[in-house]
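A short write-up of the structure that comes next.
Residue numbers begin at 1 in each chain, while the letters A, B, ... track the order of the sequences. Small disclaimer: the values here were computed from a predicted structure and weren't measured.
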Amino acid sequence: MKVLLNGESIQLAEEIVTVADLLTHYEIQEKVVVVEINGEILTRVEHQSTRLADKDRIEIVHFVGGG
Amino acid sequence: MKVLLNGESIQLAEEIVTVADLLTHYEIQEKVVVVEINGEILTRVEHQSTRLADKDRIEIVHFVGGG
Amino acid sequence: MKVLLNGESIQLAEEIVTVADLLTHYEIQEKVVVVEINGEILTRVEHQSTRLADKDRIEIVHFVGGG
Amino acid sequence: MKVLLNGESIQLAEEIVTVADLLTHYEIQEKVVVVEINGEILTRVEHQSTRLADKDRIEIVHFVGGG
Amino acid sequence: MLKIGSLSFQSRLLLGTGKYPSYEIQKAAVEISEAEILTFAVRRMNIFEPSQPNFLEQLDTTKYTLLPNTAGAKTAAEAVRIAKLAKASGLCDMIKVEVIGCDKTLLPDPVETLKATEELVKEGFIVLPYTSDDVVLARKLQEAGCHAVMPGASPIGSGQGIINPVNLRFIIEQATVPVIVDAGIGSPADAAFAMELGADGVLLNTAVSAAKDPVKMAKAMSLAIEAGLLGFEAGRMEKKRYATASSPKEGMSIG
Amino acid sequence: MLKIGSLSFQSRLLLGTGKYPSYEIQKAAVEISEAEILTFAVRRMNIFEPSQPNFLEQLDTTKYTLLPNTAGAKTAAEAVRIAKLAKASGLCDMIKVEVIGCDKTLLPDPVETLKATEELVKEGFIVLPYTSDDVVLARKLQEAGCHAVMPGASPIGSGQGIINPVNLRFIIEQATVPVIVDAGIGSPADAAFAMELGADGVLLNTAVSAAKDPVKMAKAMSLAIEAGLLGFEAGRMEKKRYATASSPKEGMSIG
Amino acid sequence: MLKIGSLSFQSRLLLGTGKYPSYEIQKAAVEISEAEILTFAVRRMNIFEPSQPNFLEQLDTTKYTLLPNTAGAKTAAEAVRIAKLAKASGLCDMIKVEVIGCDKTLLPDPVETLKATEELVKEGFIVLPYTSDDVVLARKLQEAGCHAVMPGASPIGSGQGIINPVNLRFIIEQATVPVIVDAGIGSPADAAFAMELGADGVLLNTAVSAAKDPVKMAKAMSLAIEAGLLGFEAGRMEKKRYATASSPKEGMSIG
Amino acid sequence: MLKIGSLSFQSRLLLGTGKYPSYEIQKAAVEISEAEILTFAVRRMNIFEPSQPNFLEQLDTTKYTLLPNTAGAKTAAEAVRIAKLAKASGLCDMIKVEVIGCDKTLLPDPVETLKATEELVKEGFIVLPYTSDDVVLARKLQEAGCHAVMPGASPIGSGQGIINPVNLRFIIEQATVPVIVDAGIGSPADAAFAMELGADGVLLNTAVSAAKDPVKMAKAMSLAIEAGLLGFEAGRMEKKRYATASSPKEGMSIG
């Protein structure tokens with residue numbers, strides 16, 4: 001399926017079904033990240049259970065240095 | 001009639017019918033004053049035409065020195 | 001003999017012969033003081049050997065709190 | 001004769017005899033200048049009467065903009 | 001020329017009318033100051049006592065523009081009401097929005113000041129809000145359509161002068177309407193400094209009325225404001241960390 | 001009236017004549033400033049080149065009092081010599097003693113300045129020493145008989161304004177001769193502030209000559225100095241830590 | 001002890017984590033500073049490039065309290081969203097509300113900051129709004145239930161120190177929650193001064209990260225904040241206009 | 001390490017011993033301050049009354065370096081005599097030259113201070129003159145061979161802090177001996193600022209002895225001086241006129 005991932009239109013591989021799969025694909029499953037889908041913010045526990053759908057708007061954010 | 005004039009309850013003499021009468025009574029008809037009756041602000045021209053009624057809440061204000 | 005001691009004219013007892021005697025008399029022989037006689041500043045060792053003479057101008061000073 | 005004029009060694013023409021001649025030669029006789037010869041400061045009136053001598057150290061100064 | 005709304009003024013000094021030792025002194029001070037805009041407060045009249053003289057009556061109101069303030073208001077609603085009372089006098093349609101949020105510091109309430117400004121602009125007033133030196137708030141007041149912003153130099157009547165020139169400069173740099181420094185000016189140097197920062201005018205009261213000689217101080221202020229304006233226009237020299245001689249180096253080692 | 005020695009002046013502004021963009025601008029600035037005292041430096045004349053114009057020649061020297069400085073001197077002896085050279089011109093018997101002790105800061109040498117002052121007073125000059133804001137040194141210069149003390153506000157040509165008003169006030173409080181704030185003034189507000197502190201006059205150069213528009217700045221300075229003087233005479237309001245209303249509290253809670 | 005919401009902290013220094021020369025230096029600086037609260041920004045992850053190291057990963061997050069900011073937000077809505085994203089990490093429920101209203105000065109938007117604070121308090125966050133030194137706004141933020149107010153000393157990253165101590169003192173005097181001076185601190189003296197005014201803490205970043213030696217500066221800041229706190233508690237001497245001898249007058253005229 | 005003459009000290013704080021509420025408090029303050037150099041005054045002893053306790057007796061004089069001052073002297077001759085009296089105690093060969101030229105401001109006499117310094121250097125003393133912030137005078141004192149220069153921050157006992165950082169910086173930039181800021185320090189921030197300017201040490205008395213809690217203030221001062229020194233060594237960030245974000249711009253517009 002096709003999703004909008006951090007502002008870029010991406011064609012996802014078939015095996016990427018859940019948010020957890022997506023994070024694993026980008027090798028950030030271990031990192032401190034927060035995922036928002038179509039404006040809905042997910043908690044960590046929801047990563048496993050949340051299935052992706054075509055046209056999803058996905059945001060993956062993290063903490064960076066700031067004042 | 002009885003009115004609330006600048007916060008004080010006053011018994012008005014019979015001959016005081018209009019706002020203009022009231023100003024004359026207090027000898028301030030020549031002064032720069034603004035009259036508010038029951039929350040309604042009057043223009044100068046309305047002083048003549050506006051009749052007072054029992055229980056009216058009347059405010060008479062003016063300009064004083066200020067910064 | 002008569003001396004001027006710290007600005008006051010004093011009649012010294014006969015037994016006061018040296019500066020050391022003087023300090024003992026005033027019970028300050030143990031204290032940190034500096035003695036000046038007629039404008040001459042004495043070191044501690046000179047207290048014993050210095051004899052007083054009539055009309056001597058004697059100053060006894062010490063350290064006090066200061067900034 | 002040879003003089004030291006404002007720091008430069010100068011051979012003066014024969015006809016330059018007095019300080020006044022010198023100022024005229026340099027066309028500054030009209031200007032506000034002060035002349036010092038061998039450390040002696042001259043007043044304006046002395047310009048006429050003061051004769052130059054060989055090896056004189058001559059300074060000619062004036063007013064310039066300053067704070 | 002100071003332009004506020006449709007009006008133009010020669011003088012950059014807006015003068016308050018409170019707390020003068022006497023009306024005679026006040027009149028002389030107002031005249032010598034050459035101020036064209038005078039502020040007033042609106043108050044309940046004391047009609048039950050023999051009428052006291054009132055400064056306004058002694059003034060040729062055709063010669064001055066009156067700038068009533070909303071002093072006393074603690075909310076936008078109160079400010080709007082006072083503004084309407086003032087306007088009903090038929091003498092003015094300018095209003096100085098002053099909504100105090102703290103009795104001890106007499107500093108303005110940013111939220112209520114903005115609200116009052118928005119409403120009074122809608123009502124067709126010429127609106128001059130007294131504000132803190134909050135830079136973004138000043139811009140919001142502009143966006144609300146006010147006709148001048150009046151940031152304080154320091155607390156009202158404190159005479160502490162300009163505490164924060166940085167914020168004032170920021171407000172002035174982004175201003176689309178005149179900036180009038182209001183409150184806290186204590187001396188002519190303060191007033192000149194405000195103008196040097198690029199302000200369009202200065203509003204003051206206590207600095208004149210509480211001076212030992214208010215008339216002389218009024219003159220001093222009007223001169224200082226002109227001096228500061230000219231200084232701003234003339235473009236001041238740059239500050240340098242070290243010294244630079246004003247007398248030339250050439251021909252210095254004489255003889 | 002500013003009285004220095006036997007002379008009296010209407011203007012409190014003493015103007016330097018260095019570093020103007022052109023003589024035309026300088027002439028206009030001098031005129032509009034209404035200064036009556038102009039400073040100059042004494043330099044070796046460049047006689048070997050075709051004569052350049054000289055500002056002094058273009059000046060009606062009967063209308064101005066010349067105040068030559070001893071800039072360039074690093075010792076009392078050099079200062080005394082320059083003073084004598086200046087006096088020999090027959091144009092002036094006033095001298096600004098300026099003995100610099102540090103090339104980077106152009107700050108004065110207190111010891112040599114005092115020595116030069118003592119000697120020049122003996123020689124009958126009217127002596128105006130440029131000094132630091134050292135309070136006791138200012139008094140010693142007075143005791144030496146100088147006719148005015150001229151403490152610096154900040155380094156020459158730095159335009160940093162008055163860094164230490166405390167010392168200036170002390171100098172003024174104990175002054176028996178006029179105090180003229182010299183050096184460091186950068187803007188009209190600085191000049192007004194100097195006068196508000198009680199100074200008798202201000203000497204400046206770069207603030208005018210290095211402004212983008214020197215003529216306009218000259219006017220600004222003369223207005224600012226008058227404003228500051230009037231402000232000092234008028235007696236400024238006291239500074240207060242907290243605010244005090246300028247509008248009355250009575251009759252505030254309307255309706 | 002600094003108490004914010006339900007949490008207590010030994011250290012009064014809140015440290016920003018932006019713009020350090022290297023993670024090694026940053027780690028050393030954080031440690032030596034003894035800060036317990038570290039600020040972070042929330043940003044879109046660059047997932048398409050090989051992952052870069054991230055400071056947070058190298059931090060024992062059990063030892064520190066994370067204070068994410070809403071930098072980047074220009075409206076209350078954006079700030080609220082960023083706050084929720086931060087909280088969803090499960091690492092923190094504190095938020096620094098930062099709604100910028102001006103890109104050039106990075107000064108906060110008072111209206112949006114207040115709105116965001118109200119909403120985030122309702123949402124159960126521990127809310128620390130970064131605000132201007134507007135005194136009344138600070139009180140409104142308190143009334144909105146924020147857990148600390150964080151007025152700026154001067155513009156973010158400017159290092160200009162405390163420009164307006166008067167307003168800061170007013171904010172502190174009427175504070176019912178901790179006051180943390182945020183933004184503009186440039187040197188240890190600035191930080192000490194903030195604490196001497198009675199602040200409960202200081203938040204800084206650039207003063208440490210942009211120092212030539214950030215680690216040493218981090219130590220300096222932590223000492224300065226302790227010094228300022230002790231100085232405030234010790235009760236400083238009164239300022240006097242004139243001098244008063246510290247050595248006794250008695251027995252001075254010796255001999 | 002602070003090196004004065006042949007001696008070296010860990011602490012940068014020189015502490016005065018005047019005007020403490022009690023000897024107990026003074027002892028505790030001296031200890032916690034970690035000062036190694038203590039100043040004293042020399043006074044005529046009151047031998048005709050029962051002896052009062054004396055702070056010096058209660059001090060382990062082997063642990064501290066005594067720095068007697070010449071307070072009370074108005075001439076170089078008087079200062080030299082007091083210095084010799086102090087040295088004759090056998091306890092010290094350091095002397096703080098303090099020749100006051102004005103009773104109201106307690107500011108030093110530059111000429112007599114220089115004279116006394118020259119003579120005492122010849123006599124073999126370790127000489128630390130208290131001086132104004134006159135930059136050239138400071139250099140002359142160095143040239144006279146003094147072992148440290150001690151410019152005042154503001155009048156003795158006034159607690160006004162550093163009025164003129166510009167002159168202090170100049171003095172420090174051209175110093176060939178340690179510069180110790182003496183007099184006028186009122187708070188820890190003042191002390192930190194002095195060190196940030198590059199001073200080698202700070203001498204204070206009233207700031208500690210007149211604090212409500214002198215012991216706590218002594219601790220605050222010792223921390224502040226260390227903070228300021230580290231801050232100076234760390235190299236502070238540059239001041240900027242406008243703001244610069246500490247959070248990154250990248251990835252800001254989320255979603």
When you measure from the side chain of H:Lys19 to the backbone N and O of G:Ala245, does any donor-acceptor pair fall under 3.5 Å?
yes
Side chains of G:Ser158 and H:Arg241, heavy atoms from C-beta outward: is any pair under 4.5 Å?
no
Is G:Glu233 reaching over with its side chain to a backbone N or O of H:Lys216, donor-acceptor style, under 3.5 angstrom?
no
Taking atom NZ as the centre, does H:Lys27 end up with more than 12 heavy-atom neighbours from other residues, nucleotides or ligands that are less than 6.0 angstrom away?
no
Heavy-atom distances under 4.5 Å only: say whether H:Ala183 touches chain G with side chain, backbone, both or neither.
neither
I need the G:Leu223 CG to H:Ile225 CD1 distance, nearest 0.5 Å.
12.0 Å
Non-hydrogen side-chain atoms of G:Arg43 and H:Ser247 separated by less than 4.5 Å
yes
Contacting region of G:Ala191 [heavy-atom separation from chain H under 4.5 Å]:
neither
Just give me the residue among H:Gly16, H:Gly18, H:Ser187 that pairs up with chain G most often, heavy atom to heavy atom, under 4.5 Å.
H:Ser187
Note: vs chain G, highest number of non-hydrogen pairs under 4.5 angstrom among H:Asn69, H:Asp213, H:Asp190, H:Thr39 is H:Asp213
Can you tell me how far the CE atom of H:Met237 sits from the OG atom of G:Ser209, to the nearest 0.5 Å?
8.0 Å
Largest heavy-atom contact set with chain H, pairs under 4.5 Å, which of G:Met45, G:Lys219, G:Lys104, G:Gln160
G:Lys104
Top contributor to chain G contacts, counting heavy-atom pairs under 4.5 Å, from H:Asp103, H:Leu229, H:Thr244, H:Leu106
H:Thr244
Keeping H:Ser246 on the side-chain end and G:Asn205 on the backbone end, is there a donor-acceptor pair under 3.5 Å?
no
Option passing side-chain contact (heavy atoms from CB on, under 4.5 Å) with H:Pro188 (candidates G:Met195, G:Glu196, G:Arg236)
G:Glu196
Heavy-atom closest contact (H:Ala243 atom, G:Pro155 atom, distance):
CB-CB, 3.9 Å
Heavy-atom distances under 4.5 Å only: say whether H:Ile185 touches chain G with side chain, backbone, both or neither.
backbone
Part of H:Glu78 lying under 4.5 Å from any heavy atom of chain G:
neither
One option among G:Lys212, G:Glu98, G:Glu238, G:Met221 has the most heavy-atom pairs under 4.5 Å with chain H, and it is G:Lys212
Below 4.5 Å, heavy-atom pairs only: which of G:Ser222, G:Ser154, G:Gly186 has the largest tally toward chain H?
G:Gly186
Heavy-atom proximity to chain G below 4.5 Å, by part of H:Asn46:
neither
